[in-house]
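The structure under discussion appears below in the form of structure tokens.
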Amino acid sequence: MKISPTQYFGNLTLLLDLEAEAEKKEAVRERVKYSPAEAEATGNSIVNLVIREEGFGLGGHFLLGFGKRNETLPLPWTRLGVGSPVIVSEESRGTSSNNEENGWRGIVSAIRRDAIQVALNQFIETEAEKPTFRIDRASDEIARFRQRQAMEAARAASGNSRLEILRDVLIGNAGALFEKSEPLDVFNKNLNASQIEAVQFALSAEDVAILHGPPGTGKTTTLVELIKQITRRGQSVLAVASSNLAVDNLLEKLIAAGEHAIRLGHPARVTPELRAHTLDLLVEHHPDIKIANKLTRDAYALRDQSFKYTRAKPERGEKQAMRDEAKEMLREARQIEEQITSGILIKARIICATATGLDRERLGGKHFDWCIMDEASQCTEPAAWIPIQYAQRLVLAGDPCQLPPTVVSPEAARGGLNISLMERLLNEGGPRKLLDVQYRMHADIMNFSSDAFYDGHLQADESVRSALLVDLPHVSSSPLTECAIHFIDTAGASYDEEPEPDGESRLNPLEAELVIKKVNELMDYGVSAEDIAVISPYSAQVKLLRQKLSKTAAGDGSLSELEIDSVDGFQGREKEAIVVSLVRSNRDGDVGFLADTRRMNVALTRARRKLVVIGDSATITAHPFYEKLVKYFEAVGAYHSVWEE
């Protein structure tokens, strides 16, 4: 039975509205509920800031650097990072629920230990003589508008257009078609058989193909080969992902492979090394832009002159004529900018952007032969329809066995907003190809995830199959460095979890101490801090560990390179050694957040040579997944009791 596009997209729009409302309520709740100090402790706000630096750049944006009034103070721990949308507000105006109306929207463009830089579209005008400011994470309303716009375009598509055909395939009203797969002369001779088959499979798709890439299987490398094959056929590619980091990773590899690609999006959201490839900076450095810039300067000068008082009375209509001339000069300047932008985009064979970063006006009607969506399993379906509307064919690449899309609204999640287009198509038996050779992990680290999530299909490449810490230069031999996995069971030792003060997360102080002990042991055996990361599913534990280790690092610079982050923050990343703190330890067998086993799949597959997991088996084995995990640790000789410590 066919699905009505009106009903289908009406439901998605309803879920998107629920999510928008939940985000808004959460933001208001944080502003009203918390004092400035408490808001800062959530990681979503930084308060009591002053402007330290003012500048201009990043494609014509105003750059403001903020720091604490006391210049010796570092910034607090924060969830804000480069690319985060924020509201800058003057603290004297209050921090009530209308903060967004009283503030200025911007994007975090840089952040360091003692300062945060924000890129804005306009100067800020303050009321106080010596103002202080706060910066709050903001919702992205522009992205939401683009999602609604894209879904309406898909709903209304007709006349046997490519969008109508793609829509019917993707919502299940028609089957996906494939051409005969042809042998390939690959550019990257290091590709394995499953990667080559995946490229062939994708190229044979007339509508949609899905590339399932488990951890470490070279998904991005495969996509780079696919894009090279497409461009050599004279076709164009729109390459997108749900995060700026993933887009930059793909762009970097495309450039290294000799491809010319243009990055769309706010330059502040782009890795500094890649900003020269952004459309904004390409326009800014175009030789013809000097004409537009001169017209703009002259227009503003003329407009200012029209408002100046003069002794001699001007001719009737003279000032208005000056303003009209200034408007015409600005119109000409914008026209030149649009022509330059259009010229650059028309010539571009590859465009890279986040899914929600695509601006219909800026693209100017440009369409692409292919849309390739990396991290497709982390993209909500409404966001996925933004790039789909510009393409003839679609390739979805990702891994639904890792982190799903982030959704704040429980009601929207129950309605399916946290199920990506890729996951839904796979659940419905959509056309797929699995990448089955991984190049990251020791076989013992890989095997549990392979069996639990990928039906045992993963193989460890020879280059990593037996790689251990002890094989690294300067790492000495010890029981800790001579095996791939170490599980420390804290059951019966009163390593009790605690609720986060004034928060909803969990922490475990004794487990945090044990984490620090294992990190120090690894370093004692010669593993460098930059090769180690500590991961926890709980933000409160991450914060606690950062506080404890920052105090240690103050007297010992060797720890400054150690990374501590949440599972979500480490998605797509890897280190030689990973220490995982599970936190949960209670008499009720309540695993809470750990019940999301896909999140644990991410945590367990970040390590190359050494995985250390610390947890309470008496608590976690109440869940069947963790019961199997502990049995696996026992089977490979990785089980240790905390009493051995």
Side-chain angles (χ1 to χ4, degrees), residues 3 5 8-9 12 146-147 150-151 153-155 157 160-179 181 198-213 219-220 222-231 233 235-242 246-247 250 264 349-358 360 363 366-400 405 419-435:
I3 302 167
Y8 185 86
F9 289 105
L12 276 182
R146 289 171 181 165
Q147 290 173 71
M151 288 191 292
R155 184 203 65 77
N160 206 33
S161 65
R162 274 308 296 167
L163 182 54
E164 182 190 17
I165 293 167
L166 262 181
R167 177 201 69 198
D168 288 348
V169 170
L170 294 174
I171 70 174
N173 286 347
L177 299 178
F178 287 83
E179 304 167 345
S181 180
V199 174
Q200 289 174 315
F201 170 70
L203 288 171
S204 70
E206 291 191 16
D207 306 298
V208 60
I210 300 172
L211 305 187
H212 186 175
K219 173 173 55 67
T220 306
T222 305
L223 294 182
V224 169
E225 177 68 30
L226 173 60
I227 292 170
K228 285 181 76 73
Q229 293 287 342
I230 290 169
T231 57
R233 297 177 181 202
Q235 297 176 329
S236 58
V237 177
L238 175 59
V240 299
S242 59
V247 176
L250 182 56
L264 298 189
R349 195 60 62 80
I350 306 167
I351 297 288
C352 299
T354 58
T356 56
L358 294 168
R360 183 180 289 183
L363 284 172
K366 184 177 175 69
H367 279 69
F368 301 83
D369 297 299
W370 294 80
C371 170
I372 295 177
M373 191 180 301
D374 197 4
E375 269 191 353
S377 52
Q378 287 185 265
C379 186
T380 62
E381 185 164 344
W385 285 99
I386 299 174
I388 289 170
Q389 66 185 314
Y390 302 114
Q392 302 289 311
R393 295 178 175 89
L394 175 66
V395 176
L396 300 171
D399 181 14
I419 298 173
S420 66
L421 174 63
M422 177 181 180
E423 183 179 359
R424 180 174 64 74
L425 291 175
L426 285 174
N427 290 340
E428 294 168 0
R432 75 197 74 189
K433 187 66 68 173
L434 177 74
L435 302 178

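- Counting only residues at least two apart or on different chains, the side chain to side chain donor-acceptor pair (under 3.5 Å) pairs with a member in residues 160-177 are Arg162-Asp207.
- Here CD1 of Ile351 is found 12.5 Å from SG of Cys371. Values are rounded to the nearest 0.5 Å.
- Interatomic distance, CD1 of Ile171 versus CG of Leu421, reported as 11.0 Å (0.5 Å rounding).
- Looking at residues two or more places apart in sequence or on another chain, you find no side-chain hydrogen bond (donor to acceptor under 3.5 Å, both in side chains) involving Lys433.
- Every residue two or more places apart in sequence or in another chain that forms a side-chain hydrogen bond (donor to acceptor under 3.5 Å, both in side chains) with Thr231 is listed here: Glu259.
- Listed by first then second residue, pairs satisfying salt bridge (charged side-chain N to carboxylate O under 4.0 Å, His left out) with a partner in residues 370-396 read Glu179-Arg393, Lys219-Asp374, Glu381-Arg424, not counting sequence neighbours.
- The CG atom of Leu250 sits 8.0 Å away from the CD1 atom of Ile372 when rounded to the nearest 0.5 Å.
- Partners of Glu423 under the salt bridge (charged side-chain N to carboxylate O under 4.0 Å, His left out) rule, at least two apart in sequence or in another chain, are Arg598.
- Residues meeting the side chain to side chain contact (heavy atoms under 4.5 Å, CB included) test with Ala376, sequence neighbours left out: Met373, Leu396, Met422.
- Under the side-chain hydrogen bond (donor to acceptor under 3.5 Å, both in side chains) criterion, Arg155 pairs with Thr6, Glu152, not counting sequence neighbours.
- Considering all non-hydrogen atoms of both residues, Gly213 and Leu435 come closest at CA-CD1, 4.1 Å.
- Partners of Ala150 by side chain to side chain contact (heavy atoms under 4.5 Å, CB included), not counting sequence neighbours, listed by chain and number: Trp385, Ile386, Gln389.
- Qualifying side-chain hydrogen bond (donor to acceptor under 3.5 Å, both in side chains) partners for Gln392, counting only residues two or more places apart in sequence or in other chains: none.
- Checking Asp399 against Ser377 by side-chain atom types alone, no donor-acceptor pair falls below 3.5 Å.
- Remark: Phe201 engages Phe178 in a ring pair (Phe, Tyr, Trp, His ring centres under 6.0 Å) (not counting sequence neighbours).
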